[in-house]
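What follows is a short report on a single structure.
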Amino acid sequence: MKKLIGVIGIITFLSMFTNAQNQSNKVDIKWGNEIKISRRKTLSSLLGHDANGFYAIQREQKGLFSRSSELTLDRYDSNANQVKSVDLNLTDGKNDREYEKIIYIKGKYFLFTSYPDKKTKLNTLYVQTIDMDALAPNNDSRKIADIDYSGNRSSNNGNFMVTLSNDASKILVFYTLPFERGEKEKFGFSVFDGSMNPIWSQNITLPYNNELFDIERYRVENNGDIYLQCTVYKEKRRKKRHGEPNYQYTILHYKNGEQLADEYKIDMSGKFITDLQFSVKSNQDIMCTGFFSDMGTYSIKGAYFTVIDGKTKEIKSQSFKEFSIDVLLENLTERQQKKIEKKLEKGKEVELYEYDLDNIILREDGGALLVGEQYFMNAVTTTQYVNGVTTTTTNYYYNYNDIIVVDIDPSGQIGWVTKIPKRQNTVNDNGFFSSYAMCLIKDKIYFLFNDHPDNLLPETNETKKFKSFSGQKGSVVVLAELSYDGKHTKEALFNSADAEVLIRPKVCSKISSNEMIIYGQRKKTQRFARVIFK
């Protein structure tokens, strides 16, 4: 009888706790209406907002195994209710174009589409404005870029990518050019102003073999200059050679009117750079920061910070900082901690496993915050023999765990490192409801993610085994607040059961100085909500 009363008491406490934590007092949440959709339909991206509300693109797969999809352009009011939804017609009268992107610039929405013509062997990029009242493209379509893929395989017709400068005054259209095996790396780009008028363009052939060269990131600065972050492999495409890094990060800087790029090689003295992000200062100095390892590319030992002189290409400053033992042990169970401590006692190397650098936040004082997440995927194949029939099944396990934030001061030294505990382990879903959404509000950073409710119980501490979110109905959406001294708190934002949807953190987005749009979905139901930070 005591056991029964104890169980009832625990259930009652959990219920009271969950209900009490139903919504944070740090925010107001305005939920929109529930929308019934096809199971194959989901949010592709949020586009922007204006006085009428906000806009989104929805994508629906035509078939279970089909790569093609249909798009709708939707408008939602200030209360996150859907008020209009229109199929996005990408036909130019003769041909069905491929959707590339929609961007918002100075009060206008621009739609980018492409069409690879098999007869002319030209892949053409078009741009046109959108009537946001009718939610339909205007009749002002025009060509802005071409990729000539004659002489190449029909499947290799190049790709277009579109991005904005920080102040939205410049638009970069970056395109990879078709190549055959063994050829040199080729690409091109065009720069436009905020009204989509061309400023300059260039096609480039580099001296690197395309099989030994990757373009990791590309960006356009406010002055129209182009920067590319690249990885160059030595001899063979592999991460290690004789235990040393077999690759080097390089930044290429292209200026209007100059054919050759300024090249900045990132030298880290034999260390493995596992992640790199860069930014360009107003004096054109390049700031590079990220994670490094002594063991390889699957773990991280610490963070680095490098400033390169934009004119002389010399390193102005460089620093490395290994993570402390406290960081290595943080958020681990007692058993895991003892295992790490034994390795350290034996003099073995210990690093953090599989952390990816997601964001760099530049501080006004010249410092930076690095934000990353532990992510890895496991594939497990099982074989069964039943009545002489062999059946093989492969399951894919997606793991999105702790968020790591590293503070770097203006001199390049690490001030503090914080790991926000998170466990998300799902199967065969591509991590659809995993990872986190992040927004910077005043002097704090907020993270939203799905979590197991038990992880918010008062007795939860750093040595307790955290329970995993696995897509279950009883999950909660957590709001984690991080202040600039590295301290963080966690609390429930709302229950997924009450919202009747699970949020998809990867597509949630900040839309103003104190507002964020979150999106949730479960089976045939979807909802949006405005989160207003107080």
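On a predicted model such as this, the values are computed, not experimentally measured, just so you know.
Taking the six-membered ring where tryptophan is involved, the planes of F54 and Y76 are essentially parallel, since the angle between them stays under 30° and well short of 60°.
The two residues G224 and W200 make their nearest non-hydrogen contact at O-NE1, 3.1 Å. Listed here is the closest heavy atom pair of S44 and V507: O-CG1, 4.3 Å. Closest approach of T176 to M161, counting heavy atoms only: CG2-CE, 4.1 Å. The two atoms that bring L212 and K236 nearest to each other are CD2-C, 3.7 Å, heavy atoms only. Of all non-hydrogen atoms in R142 and N197, the two that sit nearest each other are NH2-N, 4.4 Å. Here the closest non-hydrogen pair linking I130 and N138 is C-ND2, 3.6 Å.
In terms of modelled atom types and a separation under 3.5 Å, the side chain of K101 and the main chain of V162 share a donor-acceptor contact.
Note that CD1 of I308 is 9.5 Å distant from CG of D267, once rounded to the nearest 0.5 Å. To the nearest 0.5 Å, the span separating CG on D262 from CG on L260 amounts to 9.0 Å. The CD1 atom of I511 sits 8.5 Å away from the CG atom of L46 when rounded to the nearest 0.5 Å. Once rounded to the nearest 0.5 Å, the distance linking CG of L276 with OG1 of T306 reads 8.0 Å. For the atom pair CD (Q229) and CZ (R217), the distance works out to 4.5 Å, reported to the nearest 0.5 Å. Taking CD1 of I105 as the start and OG1 of T129 as the end, the distance is 11.5 Å to the nearest 0.5 Å.
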Can you check side-chain hydrogen bond (donor to acceptor under 3.5 Å, both in side chains) on Q424 and K422, steps first, answer last? CA-CA 7 Å; Q424 296 168 325; K422 179 170 69 68; 2.9 Å; yes
With side-chain hydrogen bond (donor to acceptor under 3.5 Å, both in side chains) as the criterion, how do D358 and Y436 come out once you've worked through the C-alpha distance, each side chain's angles and the decisive distance to 0.1 Å? CA-CA 11 Å; D358 297 329; Y436 63 93; 2.7 Å; yes
Criterion side-chain hydrogen bond (donor to acceptor under 3.5 Å, both in side chains) on S470 and N425, from CA distance to verdict: CA-CA 5 Å; S470 58; N425 311 122; over 6 Å; no
Between Y208 and F213, does the ring pair (Phe, Tyr, Trp, His ring centres under 6.0 Å) criterion hold? Intermediate values first, please. CA-CA 6 Å; Y208 304 109; F213 185 88; 5.2 Å; yes
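Using a 4.5 Å heavy-atom threshold, the side chains of Y519 and I503 count as separate. Q202 places a side-chain heavy atom less than 4.5 Å from the side chain of Q259. Residues D148 and N123 fail the side-chain proximity criterion, which asks for heavy atoms closer than 4.5 Å.
Between the side chains of N222 and S169, no donor-acceptor pair of N or O atoms lies under 3.5 Å. Side-chain contact annotation: T525 with E34, donor-acceptor N/O pair under 3.5 Å absent. For the residue pair T124/D146, the side-chain donor-acceptor check at 3.5 Å is satisfied. If you check the side chains of T113 and E100, you find no donor sitting under 3.5 Å from an acceptor. No hydrogens or angles considered: nothing links the side chains of S299 and E354 as a donor-acceptor pair under 3.5 Å. Between K118 and Y149, the side chains place no donor N or O within less than 3.5 Å of an acceptor N or O (distance only, hydrogens not considered). In summary, the side chains of D356 and Y375 do not present any donor paired with an acceptor at a separation below 3.5 Å, with no hydrogens or angles considered. For the residue pair T72 / Q58, no side-chain donor-acceptor distance below 3.5 Å is found, with atom types taken as modelled. Between the side chains of Q128 and Y126, no donor-acceptor pair of N or O atoms lies under 3.5 Å.
For F272 and F292, the distance between ring centers is not under 6.0 angstrom. Checked against the 6.0 Å centroid threshold, Y104 and F110 do not count as a close aromatic pair. F189 and Y175 have their aromatic ring centers separated by at least 6.0 angstrom.
Remark: Y353 OH is packed, more than 12 non-hydrogen atoms of other residues, nucleotides or ligands lying under 6.0 Å away. Other residues, nucleotides and ligands place no more than 12 heavy atoms under 6.0 Å from the CG atom of N139. Shown here is K313, whose NZ atom has more than 12 heavy atoms of other residues, nucleotides or ligands within 6.0 Å.
In summary, of the residues considered (Q526, R504, Q61), a side-chain hydrogen bond (donor to acceptor under 3.5 Å, both in side chains) with T42 occurs for R504 alone.
Salt-bridge annotation for E221 and R219: present, with a side-chain N of the basic residue lying under 4.0 Å from a carboxylate O of the acidic one. Note on K316 versus D285: salt bridge recorded, some NZ/NE/NH1/NH2 to OD/OE distance being below 4.0 Å. For R97 and D92, the salt-bridge test passes: some basic side-chain N is under 4.0 Å from an acidic carboxylate O.
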Show me, pair by pair, the donor-acceptor contacts under 3.5 angstrom made by side chains of residues 428-435, not counting sequence neighbours?
from, atom 1, to, atom 2, distance (Å)
N428, OD1, Y396, N, 2.7
N428, ND2, N395, OD1, 2.9
D429, OD1, T426, OG1, 2.7
D429, OD1, G431, N, 2.9
D429, OD2, T426, OG1, 3.1
N430, OD1, Y398, OH, 2.9
S435, OG, E373, OE1, 2.9
S435, OG, E373, OE2, 3.3

